[in-house]
Amino acid sequence: MKRVSLIIILVLTLVSCKKSEKEKEKEVIAVKPIPIVVEYGFTLNNFDVVRDTIVSGDTFGSIIEKENLGGREVHEIVQKVRDTFDVRIVRKGRPYTMLRSKDKSKKLQVFIYQPDRLSYYIIDLRDSIAVSKIIKPVTIRRRTIAGQLDGSLSETLERQKVEGALANKISKVYAWSIDFFKLKKGDKFAITFTERYINDSIYDGVDSLQAAFFEYKGKIIYAFPFKQNEKSKKIDYYDEEGKALKNFFLKAPLKFAHITSRFAKNRFHPVQQIWKAHKGTDYAASKGTPIMTTASGVVEQTGFTAGNGNFVKVKHNRTYSTQYLHMSKILARRGQHVNQGDIIGKVGSTGLATGPHVCYRFWKNGVQVDALRLKLPNSEPMDKRNLPKFITRMTPLKRELDSVAKLKFTK
């Protein structure tokens with residue numbers, strides 16, 4: 001009996017030993033290896049890594065002089081890197097990384113500064129002092145979307161995961177042919193555009209508008225970019241027939257707002273409480289909204305009157321002049337040349353006004369007229385010699401817009 005008991009004890013001991021060995025193996029297996037992290041061309045695991053941001057008062061010199069440089073003077077470093085890395089470009093809010101030795105000395109080995117998202121400087125202090133500027137590779141991806149307006153253009157685009165900056169690009173292209181204040185919910189559109197990606201993975205925004213169409217007052221208006229002169233940097237946009245979208249005048253002096261009062265021979269003045277002519281178009285917007293000159297020209301007058309408040313008047317040529325009233329702030333001076341779209345003031349309610357808006361007045365041959373009813377002159381038309389080349393480039397873009405839109409709207 002004793003012999004049997006000893007055998008049982010021996011078996012149990014062996015089993016428990018095997019279990020403990022298996023458990024140990026599991027514990028060993030459960031330990032995860034430390035991941036290798038590589039950034040800026042360095043294996044960060046080999047360094048004591050310090051990440052920080054430039055704050056007010058920081059300079060390249062003041063940052064590195066706090067590090068253990070082993071007697072190496074800051075002045076010597078600055079002198080040797082200045083041809084590639086101008087230490088004066090260090091700007092508040094920009095990130096930097098320091099790679100230091102992992103021993104007790106924590107000696108600075110490498111300093112990395114990022115002036116923008118696309119580039120960084122490496123100042124390597126390990127052997128001799130070396131500096132280099134690295135430009136991150138940028139990938140351009142093309143995308144075509146279609147949809148219907150639901151709210152503002154930027155809101156509609158954001159719902160399709162498109163950066164709001166594209167709305168600004170579109171509004172500039174169509175500023176001469178579409179009054180964005182009159183776009184309605186349900187109006188259709190299709191857009192082909194490109195986007196930038198840093199290192200093929202980090203989104204860096206909209207790059208360019210390749211083609212588009214918008215439904216406006218029941219009509220489809222296309223826009224295709226084209227250079228009349230290949231040597232020029234100037235790109236204009238044309239419809240599918242090669243007609244320029246760009247008019248001599250913008251449709252309105254504000255990007256986004258709504259009309260509250262139109263040009264009228266007899267209107268009840270909300271402040272003076274009398275019937276009188278209203279020789280302008282009122283666009284309501286929040287105080288401080290930028291006011292643009294609708295065409296290039298020379299600032300003829302700036303000033304203040306009891307009725308007009310702060311105002312700017314621009315002479316465009318011998319035929320046309322425009323005036324912008326009730327500004328909270330004037331940002332142009334008399335005699336100044338301004339380009340179409342330049343900011344000349346900010347929306348306010350100075351003078352006889354019940355709320356913030358800009359009263360936009362328009363003169364033709366010295367007579368005030370209704371700007372909304374004018375047929376304004378176009379920009380430089382398509383040269384007939386360029387039309388075949390334009391049609392060749394435009395046709396596949398139009399086909400793509402139409403097919404994506406058809407697929408979207410026939411679901």
Side-chain angles (χ1 to χ4, degrees), residues 33-141 163 165 168-169 194-208 231-235 331 333 336-337 339 342-343:
I34 298 172
I36 302 300
V37 180
V38 178
E39 284 186 45
Y40 310 112
F42 298 93
T43 302
L44 300 191
N45 307 63
N46 300 332
F47 300 92
D48 173 59
V49 181
V50 177
R51 300 181 190 270
D52 211 334
T53 303
I54 304 293
V55 297
S56 182
D58 275 350
T59 64
F60 172 67
S62 69
I63 293 170
I64 67 170
E65 72 181 358
K66 298 173 186 175
E67 304 302 318
N68 183 0
L69 298 172
R72 186 175 272 170
E73 292 184 4
V74 172
H75 178 72
E76 177 192 358
I77 296 170
V78 171
Q79 290 300 308
K80 288 194 175 180
V81 304
R82 66 181 181 179
D83 289 340
T84 303
F85 175 61
D86 184 349
V87 297
R88 294 172 297 180
I89 69 170
V90 173
R91 293 288 181 266
K92 179 182 174 181
R94 302 309 307 164
Y96 66 90
T97 302
M98 293 189 293
L99 307 182
R100 308 189 302 188
S101 61
K102 297 190 81 171
D103 57 23
K104 291 182 180 179
S105 70
K106 303 292 184 188
K107 184 178 178 181
L108 181 61
Q109 306 284 292
V110 181
F111 181 89
I112 301 159
Y113 173 69
Q114 294 177 260
D116 51 56
R117 296 179 68 181
L118 286 176
S119 64
Y120 56 90
Y121 291 91
I122 297 176
I123 295 92
D124 194 333
L125 307 173
R126 287 175 295 180
D127 296 321
S128 58
I129 300 170
V131 60
S132 57
K133 182 179 181 180
I134 309 298
I135 307 295
K136 298 177 185 178
V138 175
T139 304
I140 303 296
R141 297 181 191 171
E163 185 188 39
N168 287 330
K169 286 180 181 287
T194 57
E195 298 171 295
R196 298 182 303 274
Y197 286 83
I198 300 171
N199 289 333
D200 205 32
S201 59
I202 303 170
Y203 181 72
D204 192 47
V206 171
D207 182 64
S208 66
K231 294 180 180 179
S232 172
K233 293 182 179 180
K234 184 182 178 184
I235 298 176
L331 297 176
R333 65 183 186 278
Q336 177 184 346
H337 177 80
N339 293 315
D342 282 355
I343 306 303

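Keep in mind that this is a model prediction, so the values were computed, not measured.
- A search for salt bridge (charged side-chain N to carboxylate O under 4.0 Å, His left out) contacts involving Arg117 returns Asp204, not counting sequence neighbours.
- If you take OG1 on Thr97 and OH on Tyr40, they are separated by 4.0 Å, rounding to the nearest 0.5 Å.
- Put simply, the side chain of Thr194 gets close to the backbone of Ser208: a donor and an acceptor are under 3.5 Å apart.
- Formation of a donor-acceptor pair under 3.5 Å by the Asn199 side chain with backbone atoms of Ser201 is not found in this model.
- Between the side chain of Ser101 and the backbone N or O of Lys107, at least one donor-acceptor pair lies under 3.5 Å.
- Shown here are the ring-ring contact (aromatic ring centres under 6.0 Å, His included) partners of Tyr96, two or more places apart in sequence or in another chain: Phe111.
- The distance from atom CD1 of Ile135 to atom CG of Asp116, rounded to the nearest 0.5 Å, is 7.0 Å.
- For the side chain to side chain contact (heavy atoms under 4.5 Å, CB included) test, no residue two or more places apart in sequence or in another chain qualifies with Asp83.
- Ile36 pairs by the side chain to side chain contact (heavy atoms under 4.5 Å, CB included) definition with Val38, Thr43, Asn45, not counting sequence neighbours.
- Residues meeting the side chain to side chain donor-acceptor pair (under 3.5 Å) test with Thr53, sequence neighbours left out: none.
- Between the Asn339 side chain and the Asp342 main chain, no donor and acceptor come within less than 3.5 Å of each other.
- Not counting sequence neighbours, Phe47 has no partner by the ring-ring contact (aromatic ring centres under 6.0 Å, His included) test.
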Problem set entry | Worked check of side chain to side chain contact (heavy atoms under 4.5 Å, CB included) between Val110 and Arg126 | CA-CA 7 Å; Val110 181; Arg126 287 175 295 180; 4.1 Å; yes
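- Applying the salt bridge (charged side-chain N to carboxylate O under 4.0 Å, His left out) criterion to Lys102, with sequence neighbours excluded, gives no partner residue.
- If you take CD on Glu163 and CG on Asp207, they are separated by 10.5 Å, rounding to the nearest 0.5 Å.
- For Arg333, the side chain to side chain contact (heavy atoms under 4.5 Å, CB included) partners at least two apart in sequence or on another chain are Gln336.
- Looking only at distances, no side-chain donor or acceptor of Arg196 sits under 3.5 Å from a matching main-chain atom of Tyr203.
- Here the CD1-CE distance, from Ile64 to Met98, works out to 10.0 Å after rounding to the nearest 0.5 Å.
- Counted within 6.0 Å of CD1 on Ile140, heavy atoms from surrounding residues, nucleotides or ligands total more than 12; the atom is thus considered enclosed.
- Residues meeting the salt bridge (charged side-chain N to carboxylate O under 4.0 Å, His left out) test with Lys80, sequence neighbours left out: Glu76.
- Among residues two or more places apart in sequence or in another chain, the salt bridge (charged side-chain N to carboxylate O under 4.0 Å, His left out) test is passed with Glu39 by Arg51.
- Partners of Arg88 by side chain to side chain contact (heavy atoms under 4.5 Å, CB included), not counting sequence neighbours, listed by chain and number: Asp86.
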Exercise. Given Ile198 and Leu118, is the side chain to side chain contact (heavy atoms under 4.5 Å, CB included) satisfied, shown in steps?
Worked result: CA-CA 7 Å; Ile198 300 171; Leu118 286 176; 3.5 Å; yes
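- The distance from atom CD1 of Ile89 to atom OH of Tyr121, rounded to the nearest 0.5 Å, is 4.0 Å.
- Considering only residues two or more places apart in sequence or on other chains, Thr139 meets the side chain to side chain donor-acceptor pair (under 3.5 Å) condition with Asp200.
- Interatomic distance, Ser62 OG to Ile54 CD1, rounded to the nearest 0.5 Å: 7.5 Å.
- Taking both residues in full, the closest heavy atoms of Gln114 and Lys136 are given as NE2-NZ, 3.7 Å, listed atom of the first, atom of the second, then distance.
- By the 6.0 Å and 45° rule, Arg94 does not stack over the aromatic ring of Tyr113.
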Exercise. Can Val49 and Leu99 be said to form a side chain to side chain contact (heavy atoms under 4.5 Å, CB included), step by step?
Worked result: CA-CA 5 Å; Val49 181; Leu99 307 182; 4.0 Å; yes
